[in-house]
Amino acid sequence: MITNAEWISSPIDIGEVCPIFSKDIKVSKPIQKAELSISATGVYEARMNDKRVGDFILAPGLTSYKSRLQYQTYDVTDMLENENTLRICLGKGWYRGRISAGDKVINETDGAVIAELIITYNDGSAESVITDNSWSVRTSRILFSDFYDGETYDASAECKFIGTADINTSISKSSLILQEGENVTEHEKIKPISMFITAKGEKVIDFGQNIAGYVALDLTANKGDKIVISHAEVLDSNGNFYNENYRSAKSRLEYVCCNGHQTYKPFFTYFGFRYIRLDECPRDIGIDCFTAIVIYSDMKRTGYIETGSKKVNKLFENTLWSQRDNFIDIPTDCPQRDERMGWLGDAQVFAKTASYNYNTKKFFGKWLGDLRAEQRENGSVPDTVPNFWLLSRSSTAWGDAMTIIPWQMYLMYGDKKDIEVNFDAMKRWVDFMTNDSLDQYLWTCVDDSHKMWRKHYGDWLALDAPSGSYRGITPDNFIASAFYAYSTEILIKAGKIIGKDMLEYEELHKNIVSTFKKTFTEYSTQTECVLALYFNLTDNKAETARQLNDMIVSNGNKLQTGFVGTPYLLYALSENGYAQTAYSLLLQEEYPSWLYEVNHGATTIWEHWDGIRDDGTFWSTDMNSYNHYAYGSVVDWLYSVAAGIKPVEEKAGFKEVIIAPVPDKRLGSINVSFDTSYGTIKSAWHYEGDKICYEITTPVKATIIIDGEKHIVENGSYIFK
Ligand code: BGC
């Protein structure tokens, strides 16, 4: 709890050096409990008697700071001695780093920390220690730290006393909230697989996996020795270090050694990388000095998939990695370049896959709080949350995160509160589309050209884009009206779950659907067919499905879809009689396809289908991330169609389950296990010659559908041949 503490800042400007705020605390009686609460305008690391308090990396985390700034509360009972020193080091983090530079309101405040330690003694008395002007301020050895640009640390720098802290009244205490999200913590620790000299003569280390996190150093050196590290995701076609796709993010680590044995890992930054280049280092430095540490929100893993195809298994692994690397307190588009934004479209597209892989209830619950906080008066939501770039637009498929994600949370975890807290915001989003449109019952806008930054992003990165454009040719008005229908449908279902009268919206939905059908009578892109099928906007599903299937088959079993069409593409096929074609796309190995990336050495999901071309050249330097989870959304089709594990809307949270596997001999087998709060659901099938053997375990009542035949069963394990 933070009630009496004041925000405190350094009394003088110390430039880029991170300050340390400290306070000596004496304890004279036996303690029953001691709780320390901390927040910061930046990121902090607290140490009690030189021991780290808690394991949250980059606390207090990322929220829409203007109205929601988290604080953490730590139990420090066992850390206290008779004489103690509490130190809190402060970095710029998201709040004041280059990442939020567009957001002037945030930048106006100086770096500050606020903390309150409440000690309850065995005799029942209590005492609190608060940040105030009795705290002292020193310089730290962190000379520079920024998410985009990296960190500079001088291990032999002297920590100078600056003075006592100033109370900072420019920052409000009213936006402080207790931490809502998961802790961001350290996870996998990866040793390098090789160190080599490239054609250009550069010393490069390969960790074998594209990650988000940082490199830890462990070495013996002389004072003044320097290690300078650059980060990269890929090597170029000549095997040289390549990080032009980081754009302006310098992603540079500089460590100046002290004498003797020492260890270091960055405090207030992280990088997206697989390779590091040693731009400077002691000549005899060995590979063993380096360990890559992966950081991400500490979600519980729930989903496991193994198939008969090594390459599909690798695709699944890559998707897990892109989720870990981009679930660092908020869902980001990518972890490496000068972006790392909470793009709504990317999160919306991936939320279903993410919540089969891991329990995302708390993670998305917190971020939805920020989405609601950023919703504008007229119901529109910015394209990124937090809205660091002060984007004023609101776009189809991106803004629909406001309806799609709460609904997804409800389906997966069955908690009506996820609907209750979001319902009003969901409704306001739908109302915004209604009010914003030129035509009644559609969401149309002034012109439907393919200008890049107009209103919508279209079928972002689709392959039917005109040359030089990022936007596929599916018209904005088509996509926007389709999502308008879909969001309204979700709103109705959600409203009914919490007992709202949804008649008005049912009427609206009916009108949207009929107007859509009258307006968009023909489809000319894969994405148009996909949306019409998946959102139930075509009167003739059989014909639309046939058309989609023809488009794909005549294109050599290859997709052309982007961010909008891809997540639903395999569903649109498999739910309408073309499961074989869905599998052909899944198993396609030529460009463009999921396995093309696997064949080209991907260890995460790429932003572009052609991130690396067959001839080894790159898509561009401009917007080419190798760690963008959006297309990893194919994984939810593996869980819910290939293995067939689907929630029942009326019994959400897997209180009951539908298990309707769709096998294909080319995949050979699948073995999925998925942990729910009712127990573990397992669905596996494999081929024995031409016969298929299904093995299903359900902890709850299930409707198992095999070959169109329904079996209603109680919990247990079942085999079907
Ligand atoms: C991001 C995307 C995002 C997009 C908006 C890009 O720069 O990386 O993933 O959704 O902008 O179109």
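Given the structure is predicted, the values throughout are model-derived calculations rather than measurements. Starting from 1, each residue takes its place in the sequence as its number. Ligands are counted one by one from 1 in listed order, and the atoms in each one are counted from 1 as well.
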Q) Taking only residues two or more places apart in sequence, or in another chain, which ones meet Tyr568 in a ring-ring contact (aromatic ring centres under 6.0 Å, His included)? A)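 Only Tyr534, Phe535 meet the ring-ring contact (aromatic ring centres under 6.0 Å, His included) criterion with Tyr568.
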Q. Taking only residues two or more places apart in sequence, or in another chain, which ones meet Ser64 in a side-chain hydrogen bond (donor to acceptor under 3.5 Å, both in side chains)?
A.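 With neighbours one apart ignored, the set is Glu374.
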Q: Before accepting this row, confirm whether a basic side-chain N of the pair Arg68/Glu180 lies closer than 4.0 Å to the acidic partner's carboxylate O.
A: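 Here Arg68 pairs with Glu180 in a salt bridge, since their nearest N and O are under 4.0 Å apart.
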Q | Axial cation check for Tyr270 ring with Arg340, 6.0 Å and 45° limits | A |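 Yes, Arg340 lies over the aromatic ring of Tyr270.
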Q) What part of Glu339, side chain from CB on, backbone N/CA/C/O, both or neither, has a heavy atom under 4.0 Å from ligand 1? A)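 For Glu339, the contact with ligand 1 is made by the side chain alone.
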Q.
At under 4.0 Å between heavy atoms, is it the side chain or the backbone of Arg337 that contacts ligand 1, or both, or neither?
A.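 It is the side chain that touches ligand 1; the backbone stays farther off.
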Q: For residues Phe363 and Phe327, establish whether the separation of their ring centroids is below 6.0 Å.
A: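 So the answer is yes for these two rings.
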Q) For the residue pair Tyr631 and Trp594, is the inter-centroid distance of their aromatic rings smaller than 6.0 Å? A)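 For Tyr631 and Trp594, the ring centres are not under 6.0 Å apart.
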**Q.** Option nearest atom 1 (C) of ligand 1 (shortest heavy-atom distance, choices Thr384, Thr332, Asp333)
**A.**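 Closest candidate by heavy-atom distance is Asp333.
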Under 4.0 Å from a heavy atom of [X]: give me the atoms of ligand 1 that qualify, with their elements.
| X | value |
| --- | --- |
| Asp346 | 2 (C), 3 (C), 9 (O), 10 (O) |
| Phe563 | 9 (O) |
| His628 | 1 (C), 2 (C), 8 (O), 9 (O) |
| Glu607 | 8 (O) |

Q: Report yes if Tyr457 has an N/O atom closer than 3.5 Å to an N/O atom of ligand 1; otherwise report no.
A: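 Among all N and O atoms of Tyr457, none is under 3.5 Å from an N or O of ligand 1.
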